[in-house]
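Per chain, numbering begins at 1; letters A, B, ... match sequence-line order.
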Number of protein chains: 4
Amino acid sequence: MNIPLENIQSFIGKEFATSPSPFMLWLKPIVVSAKHGKLCFQYTVRKEMTNPIGTLHGGVTAAIIDDIIGATMYSLGEPFFNTTINNVIDYYSAARENDILVAETTLIKNGAQFANAECIVWNHDKSKMIAKGHSTMFKIQAKK
Amino acid sequence: MNIPLENIQSFIGKEFATSPSPFMLWLKPIVVSAKHGKLCFQYTVRKEMTNPIGTLHGGVTAAIIDDIIGATMYSLGEPFFNTTINNVIDYYSAARENDILVAETTLIKNGAQFANAECIVWNHDKSKMIAKGHSTMFKIQAKK
Amino acid sequence: MNIPLENIQSFIGKEFATSPSPFMLWLKPIVVSAKHGKLCFQYTVRKEMTNPIGTLHGGVTAAIIDDIIGATMYSLGEPFFNTTINNVIDYYSAARENDILVAETTLIKNGAQFANAECIVWNHDKSKMIAKGHSTMFKIQAKK
Amino acid sequence: MNIPLENIQSFIGKEFATSPSPFMLWLKPIVVSAKHGKLCFQYTVRKEMTNPIGTLHGGVTAAIIDDIIGATMYSLGEPFFNTTINNVIDYYSAARENDILVAETTLIKNGAQFANAECIVWNHDKSKMIAKGHSTMFKIQAKK
């Protein structure tokens with residue numbers, strides 16, 4: 001039984017409002033789907049997430065990608081804490097206040113010491129990519 | 001006269017509370033110093049900026065780096081809007097709630113079409129690097 | 001008719017020995033398959049491609065990825081020259097002298113000004129990833 | 001006494017022709033200077049290093065950066081083998097056949113488990129940056 005994954009799955013269609021991550025609560029993700037190594041969350045662009053020209057702030061895009069990749073690693077239910085070594089974000093197009101974003105992750109490689117995962121941030125109907133990012137994570141044995 | 005730079009300089013020692021960027025206001029930067037192509041801002045890690053283990057969320061680190069690099073480009077006073085093509089963040093060490101962060105930028109290359117800038121996020125006394133990131137930006141002629 | 005793609009396809013099963021790229025000739029790719037936006041080339045690790053511990057030099061891995069991504073853009077038959085803005089390589093596992101490598105590209109996004117493509121370098125039977133990289137390219141109108 | 005560094009220093013002004021790295025021998029670096037964590041090598045762009053438009057192939061640029069960063073880590077004389085986790089290359093301007101390149105490294109952070117170093121590739125008189133890259137390396141205890 002994978003308790004972390006089941007926990008996320010219990011929020012499908014709802015905001016993941018019991019996340020132990022204060023910043024994730026700020027992002028207010030709605031769980032769309034959750035499978036082993038593949039999460040899909042939905043976000044609404046709030047005014048406080050925008051830049052001076054009224055579009056989604058690139059820093060928030062990066063934060064969404066980092067956050068859902070972290071949740072993807074957590075959802076594997078492994079006895080590790082994953083430290084992010086780096087992440088890389090490519091920006092493709094803009095989103096505006098009140099737009100719905102759909103972020104979807106893919107676990108690329110899950111090795112003994114390192115893991116690599118990526119995330120595409122789409123517009124609401126997944127017809128347009130907003131950004132794509134990936135992270136390298138280092139696994140640290142969780143304290144018992 | 002470079003109005004954007006003078007605007008930022010007028011906030012030295014204070015929070016940059018008139019930023020036209022809603023997300024920058026959320027980050028609550030205090031302007032430490034501001035020169036051509038080199039800004040230094042200070043931030044306090046608030047609880048809502050942390051992850052499940054109580055340390056600064058990597059997404060917020062990425063957001064700070066993206067934001068202050070954007071401000072650095074704005075401070076050049078050029079008639080361009082800078083679109084971020086990508087950014088890359090390397091994470092070095094953790095910060096905790098209530099820690100002071102010092103972010104400092106360097107303009108690496110400012111070409112006709114593209115610009116590259118980097119940012120180091122330090123702990124309060126700059127004895128330890130928390131993260132380092134850099135962005136590639138594409139210059140778009142600002143509408144008159 | 002897409003002449004560049006047909007040119008590459010005419011070498012399926014053979015070394016792409018008429019490449020106009022001197023460095024590509026040094027890499028000695030064998031064309032495995034070639035479709036719109038998706039090339040698969042095979043390489044043999046020669047001694048001069050190795051590092052001090054006898055494994056494939058990371059610089060050669062990076063060069064293979066950069067080269068086949070460039071070929072992928074060329075194969076689109078567009079009237080652009082693609083300048084690489086940056087590339088990012090993640091290294092997963094080692095390869096040794098005489099090993100066969102299989103590199104396969106995917107065109108992620110092909111916009112009006114920028115294109116993004118990625119490449120996975122596999123071992124000979126694609127059971128193990130050696131590395132993964134992606135590039136951002138800027139399109140420059142080809143001179144007539 | 002740091003034997004690796006002294007070894008590199010003994011080649012100042014000459015090609016580093018005894019490198020144990022076959023691919024480094026192909027790059028034919030001339031050692032310009034060598035200090036703790038900071039190497040400067042010079043290269044000549046040979047025809048086999050170029051792309052279809054006669055300029056330095058981006059893959060060779062990436063290979064130079066990866067190689068001299070590896071040499072920088074070696075020159076520290078630590079009892080570790082450094083595995084490159086990833087590298088990121090930003091391309092700024094072109095170089096042509098017979099051009100002299102000057103590559104210079106900086107050790108950014110040298111931690112207990114990870115190290116980060118960067119490299120700028122300049123034109124012959126360091127008046128123009130060709131490219132800039134950086135790598136994250138993971139330290140593996142060298143076998144005795």
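- Of all residues spanning residues 95-117 of chain D, none has a heavy atom less than 4.5 Å away from chain C's heavy atoms.
- Residues of residues 34-42 of chain C never come within less than 4.5 angstrom of chain D, heavy atom to heavy atom.
- Contacts between residues 10-27 of chain D and chain C, defined by a heavy-atom separation under 4.5 Å, are made by D/Pro20, D/Ser21, D/Pro22, D/Phe23, D/Trp26.
- Interface remark: of the candidates C/Ile69, C/Ile89, C/Val88, C/Ile89 forms the most heavy-atom pairs closer than 4.5 Å to chain D.
- The minimum heavy-atom distance linking C/Asn86 with D/Tyr91 is given by the pair CA-CD1, 3.9 Å.
- The candidate from C/Thr50, C/Ile53, C/Asn51 with the greatest count of non-hydrogen atom pairs under 4.5 Å with chain D is C/Thr50.
- Interface with chain C: from residues 55-64 of chain D, residues D/His57, D/Gly58, D/Gly59, D/Val60, D/Ala62, D/Ala63 qualify, criterion being any non-hydrogen pair under 4.5 Å.
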